[in-house]
Amino acid sequence: MTAAPALSLRGVGVVRDGRELLGGVDWDVGRHERWAVLGPNGSGKTTLLRICGAELHPTAGRVEVLGERLGRVDVRALRSRIGWVSGALTRLLRPGITAREVVVTGRRAALETWWDTFTPGDWARADALLAEAGMAAVADRPFGVISEGERQQVLIARALMGEPELLLLDEPAAGLDLGARERLVSRLADLAADPSTPPVVLVTHHAEEIPPGTTHALLLRGGRVVTAGPVGDALTTDSVSAAFSVAVTVTRDGGRWGTRAR
């Protein structure tokens, strides 16, 4: 039997205060796919990601996440199967908690280590995930004082700590300098190449932040899908220009994407 898609959306719409944030979204994410979602500010990217993370119910349409239908499932149990990285999570974490503690809390989707009990194996896994990300040196430093790039690496390690079945990344490279961005893209490329990594959905404004190994892309404009499909078919000069309402040329070099104004 073929496994159900990690995500399946049909006719999905979201209306808030009389304003349509998403409309008519049809989208499937396969179990081994790595997606990039691009669009300008206000295009509905974060709204779409919140639906995928069972954080928001649509106004219209059908949503299935990891084979479970929103509206017919305990979302608390469903959310425990999803790894999530976003700026909102950064603001929820206490600045004094160490990077190592941040990672281990991902085992139970907690915000503090004293909310639960963690085994020596949990701590060892947290250390291993930090080492894989090149973050072993910051393990015992307070989360509030490490750099923004280091925080994003720690949050990705935290998301992986719970062995998720779906990984959602909401603009993880936002605000990073060039070096931090490239280290993050390299880490995401490693994850994309690893067959044990769950399906990934990465939201970004910039083609330059799409890691090698990304298999598919979806472009949004005004809450509507411009195009969605294999990354080479979706990220074209015409489709990106249409999504961002500006004439650009899309380039690809060595697995990396770029855009420039025409």
Side-chain angles (χ1 to χ4, degrees), residues 6-7 25 27-50 52-53 83-87 133-134 148-149 151-153 155-157 159-160 164 166-195 197-221 225-262:
L7 293 167
V25 175
W27 184 34
D28 288 329
V29 173
R31 292 282 178 162
H32 302 287
E33 294 173 352
R34 286 81 169 91
W35 281 79
V37 176
L38 290 90
N41 288 333
S43 61
K45 300 186 303 299
T46 296
T47 299
L48 179 62
L49 206 65
R50 290 187 64 204
C52 296
W84 182 280
V85 175
S86 74
E148 189 62 31
R151 287 179 192 169
Q152 293 305 310
Q153 297 277 7
L155 290 179
I156 291 171
L160 294 171
L166 175 65
L167 184 59
L168 306 177
L169 309 171
D170 190 7
E171 299 186 46
L176 301 189
D177 62 29
L178 178 61
R181 185 194 73 181
E182 290 305 299
R183 286 187 288 273
L184 178 66
V185 170
S186 178
R187 174 61 173 151
L188 295 178
D190 289 342
L191 290 174
D194 185 345
T197 299
V200 177
V201 178
L202 165 72
V203 163
T204 179
H205 287 109
H206 306 293
E208 291 78 7
E209 296 172 359
I210 298 174
T214 298
T215 61
H216 293 73
L218 179 147
L219 275 65
L220 286 171
R221 177 184 177 186
V225 175
V226 174
T227 188
V231 66
D233 297 334
L235 285 186
T236 67
T237 289
D238 288 344
S239 62
V240 175
S241 296
F244 286 88
S245 301
V246 61
V248 299
T249 297
V250 175
T251 60
R252 189 178 191 180
D253 181 14
R256 294 294 298 275
W257 295 87
T259 58
R260 62 178 176 82
R262 284 191 276 142

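Count residues from 1 along the sequence.
Contact detail for V231 and W257: the closest heavy-atom pair is CG2-CZ2, 3.7 Å. For the residue pair L155 and V85, the shortest heavy atom distance occurs at O-CG2, 3.6 Å. Here the shortest heavy-atom pairing between W84 and L49 reads CZ3-O, 3.3 Å. Minimum interatomic distance between A242 and V226 (heavy atoms only, all atoms of both residues): CB-CG1, 4.3 Å. Listed here is the closest heavy atom pair of L219 and L235: CD1-CD2, 3.6 Å. Between P212 and A192, the closest heavy-atom pair is O-CB, 3.8 Å.
In summary, of the residues considered (I210, V203, T259), a side-chain contact (heavy atoms from CB on, under 4.5 Å) with L38 occurs for I210 alone.
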Steps toward side chain to side chain contact (heavy atoms under 4.5 Å, CB included) verdict (V37, V201): CA-CA 7 Å; V37 176; V201 178; 3.8 Å; yes
Verdict with reasoning, K45 to H205, per side chain to side chain contact (heavy atoms under 4.5 Å, CB included): CA-CA 9 Å; K45 300 186 303 299; H205 287 109; 3.5 Å; yes
Stepwise side chain to side chain contact (heavy atoms under 4.5 Å, CB included) test for V200 and L188: CA-CA 10 Å; V200 177; L188 295 178; over 6 Å; no
Verdict with supporting geometry, R181 and L184, side chain to side chain contact (heavy atoms under 4.5 Å, CB included): CA-CA 5 Å; R181 185 194 73 181; L184 178 66; 5.7 Å; no
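Rounding to the nearest 0.5 Å gives a distance of 10.0 Å between CG of D28 and NE2 of H216. Atom CD of residue Q153 and atom CZ of residue R183 lie 8.0 Å apart, to the nearest 0.5 angstrom. If you take CZ on F244 and NE2 on H206, they are separated by 8.0 Å, rounding to the nearest 0.5 Å.
Looking at heavy atoms from C-beta onward, L202 lies in side-chain contact with P211 at the 4.5 angstrom threshold. Residues E182 and R256 are in side-chain contact: their nearest non-hydrogen atoms beyond the backbone lie under 4.5 Å apart. The closest side-chain heavy-atom distance from L167 to L160 is below 4.5 Å. Counting only heavy atoms from C-beta outward, the side chains of S241 and T249 never approach each other to under 4.5 Å. A 4.5 Å side-chain heavy-atom check between L166 and P199 finds at least one atom pair inside the cut-off.
Annotation: D253, atom CG; neighbour count of heavy atoms from other residues, nucleotides and ligands within 6.0 Å does not exceed 12. Other residues, nucleotides and ligands place more than 12 heavy atoms under 6.0 Å from the CZ atom of R262.
Although no hydrogens or angles enter the test, the distance criterion places no donor-acceptor pair under 3.5 Å between the side chain of S86 and the main chain of D170. A distance-only check finds no donor-acceptor pair linking the side chain of T214 to the backbone of R34 [under 3.5 Å]. With hydrogens and angles ignored, the 3.5 Å screen pairs a side-chain donor or acceptor of S239 with a backbone N or O of A234.
Ring planes of W35 and W27: perpendicular class, angle over 60° (limits at 30 and 60°).
A donor and an acceptor atom, one from each side chain of R221 and S245, are located under 3.5 Å apart.
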